[in-house]
Amino acid sequence: MSTEAPGTADTGTSYSFRDLEARWEPVWEELGVFTPKDDGSAERRYVLDMFPYPSGDLHMGHAEAFAMGDVVARYWRQLGYDVLHPIGWDSFGLPAENAAIKRNAHPAEWTYANIDTQAASFKRYAISADWSRRLHTSDAEYYRWTQWLFKRFYEKGLAYRKDHPVNWCPKDQTVLANEQVVNGTCERCGTAVTKKSLNQWYFKITDYADRLLDDMEALKGHWPERVLAMQRNWIGRSEGAHVDFAIEALEASEDERKVTVFTTRPDTLHGATFFVVAADAALADELVAPEHRDVLAAYQEEVKALSEIERQSTERTKTGVFLGRQAINPLTGARLPVWAADYVLADYGTGAIMAVPAHDQRDLDFARAFDLPVRVVLDTGEEDPAVSGVATSGEGTLVNSGELDGLGKAQAITRAVEIVEAAGTGRHTVNYRLRDWLLSRQRFWGTPIPIIHCPDCGEVPVPDDQLPVRLPDNLRGEDLAPKGTSPLAAAADWVNVSCPSCGGAALRDTDTMDTFVDSSWYFLRFVSPHYTEGPFDPEAARNWMPVGQYVGGVEHAILHLLYARFFTKVIHDLGLLEATEPFSALLNQGQVLNGGKAMSKSLGNGVDLGEQLDRFGVDAVRLTMVFASPPEDDVDWADVSPAAAGKFLARAWRMAQDVSSPAGGDPETGDRALRTVTHRSVAEAAELLDSGKFNVVVAKLMEMVNATRKAIDSGAGSADPAVREAAEAVAVILSLFAPYTAEGMWEQLGHEPSVANAGWPVVDPHLLVQDTVVAIVQVKGKVRDRLTVPADISEEDLRELALASEPVQRALDGRELRTVIVRAPKLVNLVPAS
RNA sequence: GCCCGAGUGGCGGAAUGGCAGACGCGUCGCACUCAAAAUGCGAUAUCGAAAGGUGUGUGGGUUCGAGUCCCACCUCGGGCACCA
């Protein structure tokens with residue numbers, strides 16, 4: 001093939017990525033250069049890539065993400081920090097289970113075989129990881145601590161069970177968290193999600209809604225804005241009021257009761273013309289009048305039959321039934337008919353609303369469908385909603401609202417809250433969209449929930465000294481097939497235990513945890529992966545946390561990152577951890593596309609990483625990933641050229657070969673012009689690396705190589721110490737991107753391995769100062785001339801020089817000057833009178 | 001509908017308010033070669049013979065000076081959405 005990479009010939013003197021890979025991988029392994037000293041002798045820094053799920057071998061996406069993380073790790077190491085850069089696997093999860101069912105095997109076989117494959121690939125890919133800290137979440141030694149943490153959550157009331165309608169994936173036969181439902185379909189398999197009422201385990205993440213929101217302030221500027229926006233959106237804070245509505249008794253014997261609604265628009269209380277409760281909430285059954293019970297039941301059946309996709313459609317005409325009862329508006333005393341409808345959600349707010357059709361589109365749609373009155377209370381100057389069918393929600397003046405009349409919207413909101421607060425029928429409140437995290441799953445390959453159900457004692461946690469609750473190892477193949485209840489229930493000798501509390505016969509909880517639980521604390525385990533007294537050594541956590549740079553895909557913007565933040569806060573509250581945030585900086589690397597589209601089997605546009613590595617070499621692939629675009633942007637493999645990256649690497653390598661001066665010479669005696677380029681480039685590279693512009697750093701490296709090549713061929717010559725200095729600087733910086741080539745260059749230049757320990761090149765500040773600079777001369781903002789002037793030229797002199805310039809005079813054409821801007825020594829702008 | 005982000009050559013992309021297009025891909029030309037590959041050198045926004053003009057999605061604005069800041073809009077990408 002014509003695109004074959006250069007240097008495949010094995011001549012010994014030409015660039016061969018195969019030789020370099022074969023030579024250095026074992027050397028690095030032996031040297032152990034990537035294990036942190038962890039002795040406090042240098043400032044510690046923690047860089048982490050989102051750990052992979054072991055689905056087959058590594059793919060292009062891994063190659064991109066880990067190339068980015070590795071640049072950071074290697075850069076920090078060159079700067080002299082003690083760097084923690086661990087690797088592990090998120091190894092529980094459905095695919096292993098499905099593979100096991102298909103092959104009549106145990107999920108562990110598939111999982112650990114894949115992990116070995118990926119580990120070998122990571123080593124080949126030259127990830128500078130500390131392999132001694134490797135962990136897998138499916139190891140009993142790991143999930144023991146996942147269970148331990150679950151128990152601490154349980155003790156704090158942050159893990160609880162409840163009966164509730166939950167998201168159910170009919171294909172995977174398991175429940176899903178809200179975060180795992182995308183547009184009404186299962187995030188994993190795309191099947192339409194249905195609702196099912198089940199008793200399930202939840203983490204009370206809603207207790208942390210305000211802190212999860214407020215603490216994002218500190219992440220601003222260090223996390224991508226869009227991730228913060230997504231989390232903000234997901235938490236969905238909304239300020240408003242709780243208002244109590246009395247419910248009229250139907251007969252004297254019945255107790256009067258009240259129902260509280262949540263509203264963001266207490267200013268429109270006078271505009272409420274009816275009252276709606278969620279059809280699937282217990283409230284609907286409690287409020288329905290006896291003679292309406294059958295109608296409600298029929299309606300509820302109808303609602304249940306709808307898929308989530310249908311139910312969420314805003315196109316649908318509103319449906320609902322009258323419950324035969326009235327609610328009393330606490331502000332006006334008006335009687336409002338109580339309806340049940342599916343456009344009101346049972347698990348948001350209080351599951352009941354006051355309907356203000358004039359100023360809420362959904363209420364208006366409902367009012368028009370059932371011929372209910374529309375009462376305008378805020379004059380916005382727009383058309384009457386009852387006529388237009390469009391609810392008005394803008395600014396305006398209150399009308400038809402008693403003492404609120406004449407107020408603006410914001411004032412009216414404040415005033416209305418004051419009124420209901422004074423009357424004891426309402427209060428200011430903050431509501432969140434965030435729901436509790438449904439964590440139990442009816443699947444096998446996950447962390448068992450360490451709870452025992454005793455007929456006498458109820459829920460009894462498994463004592464700490466009996467952890468881990470290991471998965472039974474006698475289930476395989478069909479035993480694991482999804483059947484709607486956990487496969488663990490089939491392991492009779494595992495399920496049946498004696499109650500730790502009373503000793504009587506009891507049953508283990510047979511659900512396993514969502515795998516997002518496992519990944520919510522793995523970054524903490526990495527600080528002390530072999531610690532046996534707890535999930536992590538508090539001392540080590542104090543030393544390493546928080547993660548200084550986290551790298552991973554934006555697809556985890558909500559799920560993993562929100563959960564990990566939640567866990568960190570709870571663990572902090574448990575007194576185990578100082579940090580309150582897990583990741584102080586986040587980089588979302590882009591996707592690797594092919595032909596403008598995500599690679600996929602169905603499109604047949606996949607690019608195989610192994611093939612690319614065979615053909616172009618590890619370094620060329622890594623360099624291509626980094627050079628193609630800013631780290632956060634997508635890389636389209638159809639637009640880039642790993643062959644060109646290989647060419648550059650060969651060019652850099654040849655440059656090192658051509659250096660003919662011995663090591664240890666004095667660069668001060670070398671070519672000044674080349675030294676200036678080298679030192680300035682090194683300084684710029686550091687700045688660019690600090691600000692994450694890795695692609696531009698590669699451009700700088702190319703400039704350095706170009707300049708050095710020129711110096712060798714037609715300037716100072718190969719023996720000049722400045723040439724050696726330049727080649728060494730290139731080797732060190734290149735080691736962040738192309739470690740094999742850089743190591744080869746470093747050896748060629750007469751140094752001991754590893755270049756990873758070389759240290760960042762020291763910049764001589766004198767070489768950054770220029771003697772002369774090119775000043776640009778503008779006339780009315782347009783460049784007319786360029787003058788080479790002393791760097792310390794005075795404003796007056798520069799102005800004189802500019803005025804003397806021939807092209808400037810031509811452009812001025814004799815006109816008088818109105819303004820002259822002089823920014824010595826860089827710029828003069830002459831503005832003529834007319 | 002609401003909330004983020006982005007629009008720069010044929011392509012990927014550079015550019016603390018101060019020379020737009022660094023670096024690379026591609027293309028064209030040249031050297032080396034019997035020839036090719038590899039390598040090296042040069043050209044490459046656009047109109048124009050040149051002088052010079054025009055150019056960073058569109059329209060305004062701020063400024064001596066705007067790709068960069070402000071306002072409005074258009075297009076694309078992403079997130080949320082019957083959340084009261």
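Numbered from 1 within each chain, the chains take letters A, B, ... in sequence-line order. Just so we're clear, the structure is a prediction, and the values are computed from it rather than from any experiment.
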TODO: Using both distances under 3.5 Å as the test, list the Watson-Crick or G-U wobble partner of G59(B), or none.
DONE: C71(B)
- [ ] Looking at every strand, decide which applies to V276(A) at a 4.0 Å heavy-atom threshold: base, sugar-phosphate, or nothing.
- [x] nothing
Open item on the list: Once you apply a heavy-atom cut-off of 4.0 Å, does D342(A) come out as touching a base, just sugar-phosphate, or nothing?
Closed with: base
Task: Watson-Crick or G-U counterpart of U33(B), or none if no pair lies under 3.5 Å - done: none
TODO: Could you encode protein contacts along nucleotides 42-49 of chain B as a string, one character per nucleotide from 5' to 3', using B for base contact, S for sugar-phosphate-only contact and - for no contact, with a heavy-atom cut-off of under 4.0 Å?
DONE: S-------
TODO: Return yes if the base of C82(B) and the side-chain atoms of K318(A) contain a donor-acceptor N/O pair under 3.5 Å, otherwise no.
DONE: yes
Open item on the list: Both distances below 3.5 Å, Watson-Crick or wobble geometry, any strand: find the nucleotide opposite G1(B).
Closed with: C80(B)
Open item on the list: Nearest heavy atom decides the nucleotide; on that basis, is N829(A) or N431(A) closer to the 5' end of RNA chain B?
Closed with: N829(A)
- [ ] Give one of base, sugar-phosphate or nothing for R237(A), where a contact means two heavy atoms less than 4.0 Å apart.
- [x] nothing
TODO: Select from Q778(A) and V181(A) the residue whose nearest nucleotide in RNA chain B is closer to the 5' end of that strand.
DONE: Q778(A)
TODO: Would you name the heavy atoms of I413(A) and T264(A) that are closest together and state the gap between them?
DONE: CD1-O, 4.3 Å
Task: Nucleotide nearest R226(A) when distance is taken to its side chain, options A22(B), C4(B), G52(B) - done: C4(B)
Task: Salt bridge flag under 4.0 Å for residues R815(A) and D813(A) - done: no
Task: Partner nucleotide, any strand, of G12(B) [Watson-Crick/G-U, under 3.5 Å] - done: C23(B)
Open item on the list: From C-beta outward on R823(A), which listed nucleotide comes closest to its side chain: G18(B), G79(B), C19(B)?
Closed with: G18(B)
Open item on the list: What's the closest nucleotide to the side chain of R784(A) if the choices are C19(B), C23(B), G53(B)?
Closed with: G53(B)
TODO: Would you mind telling me which of G52(B), G18(B), A84(B) lies closest to the side-chain atoms of F262(A)?
DONE: A84(B)
- [ ] Return yes if some donor-acceptor pair links the side-chain N/O of R615(A) with the main-chain N/O of Q612(A) below 3.5 Å, else return no.
- [x] no
- [ ] Give D639(A) one of three labels, base, sugar-phosphate or nothing, depending on what nucleic acid heavy atoms sit under 4.0 Å from its own.
- [x] sugar-phosphate
Task: Lys/Arg N to Asp/Glu carboxylate O, K597(A) vs D636(A), below 4.0 Å - done: no
